[in-house]
Every structure is written in structure tokens, then in C-alpha cells.
Amino acid sequence: MHIVGARPNFMKAAPLVRALLPGGARQTLVHSGQHFDASMSDIFFDQLGIPAPDVNLAVGSGSHAQQTAEIMQRLEPVVLQRKPDLMVVYGDVNSTVAAAIVCSKLLVPIAHVEAGLRSFDRTMPEEINRLLTDQISDLLFTPSPDADENLKREGIAPEKIHMVGNIMIDTLVSLLPAAARSVPDDLPPRYILVTLHRPGNVDDEQFMQDILRTLEEISRKIPVIFPVHPRTRQRMAGLEGLHGGVVLMPPQSYLSFLALQQRARVVVTDSGGIQEETTFLGVPCLTVRENTERPVTVTAGSNILVGRDMNRLRSELEIILQTGGKPCSVPELWDGHTAERIAAIIGQSRRKHPAGAKNSRGTSG
Ligand code: UD1
């Protein structure tokens with residue numbers, strides 16, 4: 001059984017669902033419904049070729065406790081009824097931790113894809129989700145050596161940890177040719193691409209005012225394109241005056257956004273996945289956060305952390321526009337074959353622990 005719920009899960013699940021097909025295991029795909037807009041969910045299923053979910057928990061949004069609890073309550077009967085031999089959870093969203101808690105108590109083994117990433121910033125909801133999910137997972141699939149180190153330091157048994165590379169890059173590699181055919185009309189020859197959605201940034205009105213003013217100023221020199229996440233759109237209501245020259249657009253599909261990233265001079269973001277995608281593409285990325293759970297994108301890749309300092313953002317941007325950005329390389333095993341490696345390890349672990357070897361605890365024990 002796989003659980004997905006929010007936009008960044010879909011590109012991680014797609015290649016693994018496909019890679020597990022030849023092994024013949026029956027697969028159930030559960031969508032928690034954490035993201036529900038067509039532009040945040042359906043279009044990704046279409047473009048990534050993911051089968052329609054077998055089960056949709058349709059939880060929608062809410063506070064963290066409400067959303068997480070609702071996913072747990074609605075998922076438990078599905079797990080009890082379908083009795084999966086393995087639950088695969090992805091990334092660090094509320095759907096990830098909710099499914100991990102439900103399955104660990106029902107003694108269903110858990111595989112965590114994208115384990116071990118740490119920002120060391122416990123004010124981020126995702127960091128809490130990462131820490132808890134990794135502690136109760138049985139197979140931990142990591143994208144980079146720093147993640148292995150983090151897990152070992154937290155006492156995870158080394159035999160559970162498998163460095164397999166970055167599964168999002170599998171999707172990117174397979175869809176780059178299609179993205180080349182999805183370039184939006186009227187794209188300027190040079191532009192800066194912006195995304196912002198972290199609560200720590202967009203829920204802070206002063207930061208939003210500062211960055212919108214800065215982007216507006218930058219847009220007088222070079223066009224700025226900004227697809228706006230629903231959370232950010234809610235926070236921008238009332239700040240209309242501040243982003244005059246910036247081109248705002250709705251959340252983009254996977255293919256259009258990939259095409260936009262590939263052609264951008266610079267990407268300005270607070271997303272996790274975009275730090276990785278720009279590193280693979282070799283496109284300079286300025287991350288408006290004080291920390292990153294993906295340090296390899298800074299040490300090897302094209303990413304620079306500018307924090308929330310708008311002067312630093314302006315000056316790093318100027319340097320990139322003049323020099324083309326710092327030298328960068330693609331991290332080890334970010335090669336488009338991560339899902340195959342995960343499928344092989346899952347296959348081996350099924351042979352070691354065949355179905356039924358672990359009894360379900362049920363609800364009353
Ligand atoms: C979630 C993830 C975050 C991930 C992001 C990608 C958690 C804790 N956070 O954050 O790690 O980077 O997804 O987008 O799981 N909304 C809509 N339509 C939608 C989805 C959301 O209008 O389809 C609105 C919701 O009503 C809510 C806001 O956007 O007010 C935020 O959605 P939510 O799922 O709470 O978290 P994200 O900020 O998207």
C-alpha cells in the first residue's frame with residue numbers, strides 16, 4: 001500500500017508504483033486528500049501516469065492536529081481491511097506521519113522514501129514529521145549520505161538504511177522530453193522564477209511585504225514569474241499593491257513547471273523539492289530560508305541559502321546574472337534509477353519476511 005496526499009508526494013510515488021509492477025505485488029494507492037484542488041492533485045496524476053487512487057480519504061485541510069488525526073481515523077479501517085504487507089510513505093507531509101503512526105500500531109511494516117533529511121529546525125512542521133516517521137519505519141530509503149549520517153546518529157539500525165538516490169529525479173529524467181513540448185506561450189527569453197509556500201515565510205506578513213517589494217523592484221530589470229500556491233494566495237490577499245510588475249499565475253502542472261525551471265535564469269524558492277530539481281538541472285537557485293534539510297544541494301549543487309535577508313537576495317541575484325552562477329554537480333545516484341533500486345530492496349525484504357510473518361495487532365489489543 002502506498003499513501004500520497006500532497007503535491008510533492010505524487011512525483012515520488014509515480015516511479016515506484018511503476019517499478020514494483022514487474023514483481024507482481026498487488027498495490028493499493030491511497031490518496032489522503034490533503035491536497036484537493038485539481039491544479040494541486042489531479043493534473044499530477046494525469047501527467048505522471050499514476051493510476052487513479054484505489055481509496056480517497058478526502059480529508060481536505062485543517063489545523064495540523066485536525067488534518068493528521070482525520071487521516072489516521074480514515075486510514076485505519078482501510079489498513080485493517082486490506083492488510084498490506086508493507087506501507088510505503090513519502091517525504092515529510094502530514095499524510096506521511098499519519099500513515100506511519102497508524103501502520104506502526106497495526107504492526108504493518110513501513111518503508112519511508114526520502115528518509116533521513118533534517119533541517120535541525122523543529123519550528124518546521126515537516127521536521128517533526130520526518131523525525132517521527134523515521135523512528136517508526138522499517139526500511140529507510142535515503143537520497144544522500146548526509147541522510148544516512150542523521151539516521152545513524154538518531155540510533156536507527158544501519159541495516160534498515162539504504163541510500164538509493166533521489167526518486168524525484170526519476171520522474172524529472174523521464175519527463176524532461178515531454179516538458180520540452182510544454183513550454184508556456186509568451187515566455188520571455190530571460191526571467192526569474194519564484195515559488196513561496198512555507199508557513200514560516202508566507203504566514204509572516206512583514207516578510208511577505210518585504211519579498212513582494214523586492215520582487216517588484218527586480219521585475220523592473222528582468223521579468224519575474226510567480227506561480228502562486230493556494231496558501232500563499234490566501235496570504236497575499238490585501239497585499240495587491242506590492243507586486244505590480246511580477247507576473248502571477250496559478251499553480252502550474254508538473255510539465256509546465258519543469259519547463260519553466262529549465263529555462264529560468266535563477267529560481268527563488270522556499271520549496272524542498274525545487275532545491276533538488278534545480279541542482280539536477282544546473283539552474284541557479286536562491287533559497288529564502290535560513291536552513292535546508294537538503295545540504296547536498298548547497299555543497300554540490302546550484303543552491304545558495306540567502307535566508308530572509310533581502311539585501312543578500314539582491315546581491316546574490318546580481319552575481320548570478322553577471323556570472324551565470326557557481327559551479328555545480330549532480331549528487332551521487334541522482335540518476336533516474338532510484339525506484340528500481342527501491343523495488344529490488346523491497347523484493348529482497350519480502351523474501352526474507354514473507355507475507356503473514358508479522359501478525360496484525362488489530363484494534364482491541
Ligand atoms: C503541504 C506540506 C508541505 C509541502 C506542501 C506542498 C505538510 C505539513 N506540509 O503544505 O510540506 O511542501 O504541502 O504544497 O504536510 N489548499 C488549497 N487547495 C489544495 C491544497 C491546499 O486551497 O489543493 C489550501 C488549504 O486550504 C490550506 C493551505 O492551502 O489552507 C495549505 O494546505 P496544507 O495541506 O495545509 O499545507 P501546504 O501548505 O500545502
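The basis for the numbers below is simple: all heavy atoms, side chains too, and nothing from hydrogens, waters or symmetry mates. Numbering of residues begins at 1 and proceeds along the displayed sequence. Just follow the structure's listing: the first ligand is 1, and inside any ligand the first atom is 1.
We find that Glu318 and Lys221 are joined by a salt bridge, their nearest charged nitrogen and carboxylate oxygen being less than 4.0 Å apart.
Below 4.0 Å from some heavy atom of Asp92 lie the following atoms of ligand 1, by number and element: 11 (O). Listed by number with element, the atoms of ligand 1 under 4.0 angstrom from any heavy atom of His64 are 8 (C). Residue-ligand proximity, Gln67 to ligand 1, at heavy-atom distances under 4.0 Å covers atoms 34 (O).
Under the 4.5 Å side-chain heavy-atom criterion for grouping Ile, Leu, Val, Met, Phe, Trp and Tyr, Leu239 is connected to Val194 within one hydrophobic cluster. One hydrophobic cluster, built from ILVMFWY side chains closer than 4.5 Å, cannot hold both Phe280 and Val266; they sit in different ones.
Scanning all protein heavy atoms for the shortest distance to atom 27 (C) of ligand 1 gives Ser61 CB, 4.0 Å. The nearest heavy-atom contact from the protein to atom 2 (C) of ligand 1 is Val93 CG1, 3.7 Å. Counting only heavy atoms of the protein, atom 8 (C) of ligand 1 lies nearest to Asn94 OD1, 3.3 Å. The protein heavy atom nearest to atom 20 (C) of ligand 1 is His35 CD2, 3.2 Å. Regarding atom 6 (C) of ligand 1, its nearest protein heavy-atom neighbour is Pro8 CD, 3.5 Å. The nearest protein atom to atom 16 (N) of ligand 1, hydrogens excluded, is given as Pro230 CB, 3.6 Å; this is a heavy-atom distance.
Aromatic ring orientation, Phe45 versus His31: parallel (interplanar angle below 30°, classes split at 30° and 60°). Using cut-offs of 30° and 60° on the angle between ring planes, the pair Phe44 and Tyr254 is perpendicular.
Closest heavy-atom approach to atom 28 (C) of ligand 1 among the candidates Arg231, Arg130, Glu126, Arg198: Arg231. Closest heavy-atom approach to atom 12 (O) of ligand 1 among the candidates His197, Gln66, Arg233: His197. Of the listed residues (Arg235, Gln234, Met40), the one carrying the non-hydrogen atom nearest atom 30 (O) of ligand 1 is Gln234.
In this structure, the side chains of Met1 and Gln27 stay at 4.5 Å or more apart for every pair of heavy atoms.
One side chain, Asn303 or Thr287, offers a donor N or O that lies under 3.5 Å from an acceptor on the other.
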>> Quick one, Asn150 with Leu117, criterion side chain to side chain contact (heavy atoms under 4.5 Å, CB included). Give me CA distance, side-chain angles, the key distance, then yes/no.
In response: CA-CA 7 Å; Asn150 293 335; Leu117 297 184; 6.0 Å; no
